[in-house]
Amino acid sequence: MLATYDREAAVAYANRWWDDYNPEFPKFAVDCTNYISQCLLAGGAPMRGYPNRGNGWWIRGGNWSFSWSVSHSLRWYLAGSNRGLTAKRVGSAGELEPGDIISYDFEGDGTFNHTTIVTSVVDGVPYVNAHTYNVKGRHWAYKDSYAWRPEATYVFWKINDRFT
């Protein structure tokens, strides 16, 4: 089955729910990756791997994969996925477009602890939405955040436009 990624639908979802919580999904204390997963799903990204929580990317029947809700898990899922939701790692934020995502390791210690979705690009600079501390249209680098550190590292994900 071939599916396509609807970037506009993913961004519309991100803008609709940036400061609210869709009651059809669970809400987490650290909600960033759950919110991003909902955006990706709204854009048509196919789920796979149920019922193994450590495999694939999915939510179903009150249960979900680690990659659905944990930043570090989604980062590694995207690095290795070759079917279903897939993405290509790119070298800079300037290569991203609306609907792409960014993984953040604020401490630079190898553990990724935040995920955002690009909702606009202005003069080549991506702006993002996120949950946990809900934001809309924030500069992608997050340098104005209490969580940001000079050691921060980022992984830039270009979501594939077609999924198998």
Side-chain angles (χ1 to χ4, degrees), residues 1-50 53 56-79 81 83-90 93-104 112-122 124-142 144-145 147 154-164:
M1 177 176 110
L2 186 63
T4 58
Y5 185 49
D6 184 339
R7 293 173 178 280
E8 290 180 9
V11 170
Y13 187 95
N15 286 331
R16 162 60 181 94
W17 295 103
W18 78 272
D19 199 26
D20 202 359
Y21 299 86
N22 185 334
E24 295 183 24
F25 293 93
K27 177 182 172 186
F28 299 90
V30 178
D31 197 60
C32 61
T33 305
N34 174 48
Y35 166 70
I36 298 308
S37 289
Q38 292 173 43
C39 295
L40 292 166
L41 184 64
M47 296 185 284
R48 70 172 179 88
Y50 174 83
R53 294 191 79 197
W57 175 80
W58 56 270
I59 188 167
R60 183 170 160 190
N63 203 357
W64 50 87
S65 64
F66 296 126
S67 61
W68 179 274
S69 62
V70 178
S71 298
H72 193 71
S73 296
L74 180 59
R75 180 262 183 263
W76 285 106
Y77 168 80
L78 291 173
S81 179
R83 61 186 174 89
L85 170 60
T86 57
K88 176 185 173 191
R89 184 176 179 169
V90 295
E95 297 176 65
L96 301 177
E97 61 185 303
D100 291 330
I101 66 171
I102 304 173
S103 298
Y104 297 74
F112 286 79
N113 42 29
H114 193 49
T115 313
T116 64
I117 185 168
V118 176
T119 53
S120 66
V121 176
V122 178
V125 177
Y127 290 84
V128 299
N129 287 13
H131 265 196
T132 302
Y133 296 99
N134 301 352
V135 297
K136 180 180 183 186
R138 186 180 214 159
H139 187 280
W140 71 268
Y142 258 65
D144 61 344
S145 168
Y154 311 90
V155 177
F156 307 108
W157 298 107
K158 189 110 180 113
I159 303 300
N160 289 325
D161 288 324
R162 296 194 181 276
F163 307 110
T164 56

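The analysis underlying the following values was restricted to heavy atoms, covering all of them including side chains, and did not include hydrogens, waters or symmetry mates. Remember, it's a predicted structure, so these values are computed and weren't measured experimentally. Nothing fancy with the numbering, it's 1 onward along the sequence.
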Subject >> Criterion side-chain hydrogen bond (donor to acceptor under 3.5 Å, both in side chains) on Trp157 and Ser103, from CA distance to verdict >> reply: CA-CA 8 Å; Trp157 298 107; Ser103 298; 3.0 Å; yes
Original post:
Minimum heavy-atom separation for Tyr77 to Gly84, with atom names?
Top reply: OH-C, 4.4 Å
**OP:** List the atom of Asp31, the atom of Pro26, and the distance in Å for their closest heavy-atom pair.
**Re:** OD1-O, 4.2 Å
**OP:** Would you name the heavy atoms of Gly56 and Ser67 that are closest together and state the gap between them?
**Re:** O-OG, 2.5 Å
Original post:
For the rings on Tyr35 and Trp18, is their centre-to-centre separation under 6.0 Å?
Top reply: no
Original post:
Okay, side chain of Asp100, backbone of Glu97: is any donor-acceptor separation there less than 3.5 Å?
Top reply: yes
**OP:** Could you tell me whether the side chain of Ser65 and the main chain of Trp58 form a donor-acceptor pair under 3.5 Å?
**Re:** yes
Subject >> Beyond-backbone contact of Asn34 with Trp68, side-chain heavy atoms, under 4.5 angstrom >> reply: yes
Original post:
Just checking, any donor-acceptor pair under 3.5 angstrom between side chains of Trp57 and Ser81?
Top reply: no
Original post:
Just by modelled atom types, is the Gly44 backbone N or O under 3.5 Å from a matching donor or acceptor in the Asp6 side chain?
Top reply: no
Subject >> Over 12 foreign heavy atoms within 6.0 Å of CH2, Trp17 >> reply: yes
**OP:** Please test Leu41 against Met47 for side-chain contact (heavy atoms from CB on, under 4.5 Å), starting from the C-alpha separation and ending with a verdict.
**Re:** CA-CA 8 Å; Leu41 184 64; Met47 296 185 284; 4.1 Å; yes
Original post:
When rounded to the nearest 0.5 angstrom, what is the spacing between CZ in Arg53 and CZ in Phe66?
Top reply: 4.5 Å
Original post:
Can a donor-acceptor pair be found between the side chains of Thr119 and Asn129 at a distance below 3.5 Å?
Top reply: yes
Subject >> Spatial distance of atom OG (Ser37) from atom CG (Leu74) [nearest 0.5 Å] >> reply: 5.5 Å
Subject >> Audit row: Thr132, Phe28, side-chain contact (heavy atoms from CB on, under 4.5 Å) steps and yes/no >> reply: CA-CA 8 Å; Thr132 302; Phe28 299 90; over 6 Å; no
Subject >> Rounded distance [0.5 Å steps], CD1 in Ile102 versus CZ in Arg75 >> reply: 14.0 Å
**OP:** Measure from the side-chain N and O atoms of Arg7 to the backbone N and O of Ile159, and report whether any donor-acceptor pair falls under 3.5 Å.
**Re:** yes
Original post:
Do Val155 and Leu78 touch side chain to side chain, with heavy atoms closer than 4.5 Å?
Top reply: no
**OP:** Mind listing the closest non-hydrogen atom pair of Cys39 and Ile117 along with its distance?
**Re:** CB-CD1, 3.7 Å
Subject >> Contact check, side chains of Cys32 and Ser71, non-hydrogen atoms, under 4.5 Å >> reply: yes
Subject >> Asn160 and Thr86: side chain donor to acceptor below 3.5 Å >> reply: yes
**OP:** Please work out which of the three classes, parallel, tilted or perpendicular, describes the rings of Tyr104 and Tyr154, given edges at 30° and 60°.
**Re:** perpendicular
Original post:
For Thr115 and Thr33, does a side-chain donor sit closer than 3.5 Å to a side-chain acceptor?
Top reply: yes
Original post:
Does His114 have its ring centroid less than 6.0 Å away from the ring centroid of Tyr142?
Top reply: yes
Original post:
What's the verdict on side-chain contact (heavy atoms from CB on, under 4.5 Å) for Leu85 and Phe163, showing C-alpha distance, side-chain angles and the deciding distance?
Top reply: CA-CA 6 Å; Leu85 170 60; Phe163 307 110; 4.0 Å; yes
Original post:
Are the side chains of Val118 and Ile101 in touch, meaning some heavy atoms are under 4.5 Å apart?
Top reply: no
**OP:** Report yes if some heavy atom in the side chain of Trp140 is under 4.5 Å from a heavy atom in the side chain of Thr116; otherwise report no.
**Re:** no
Subject >> Side chains of Tyr127 and His139 in contact at under 4.5 Å (non-hydrogen atoms) >> reply: yes
Original post:
Do the two ring centres, one from Tyr50 and one from Trp64, sit under 6.0 Å apart?
Top reply: no
Original post:
If you count the non-hydrogen atoms of other residues, nucleotides and ligands that lie under 6.0 Å from CD in Glu8, is the total more than 12?
Top reply: no
Original post:
Between Tyr13 and Val11, does a side-chain contact (heavy atoms from CB on, under 4.5 Å) hold up when you go through it step by step?
Top reply: CA-CA 5 Å; Tyr13 187 95; Val11 170; over 6 Å; no
Original post:
Are Tyr21 and His131 close enough that their ring centres sit under 6.0 Å apart?
Top reply: yes
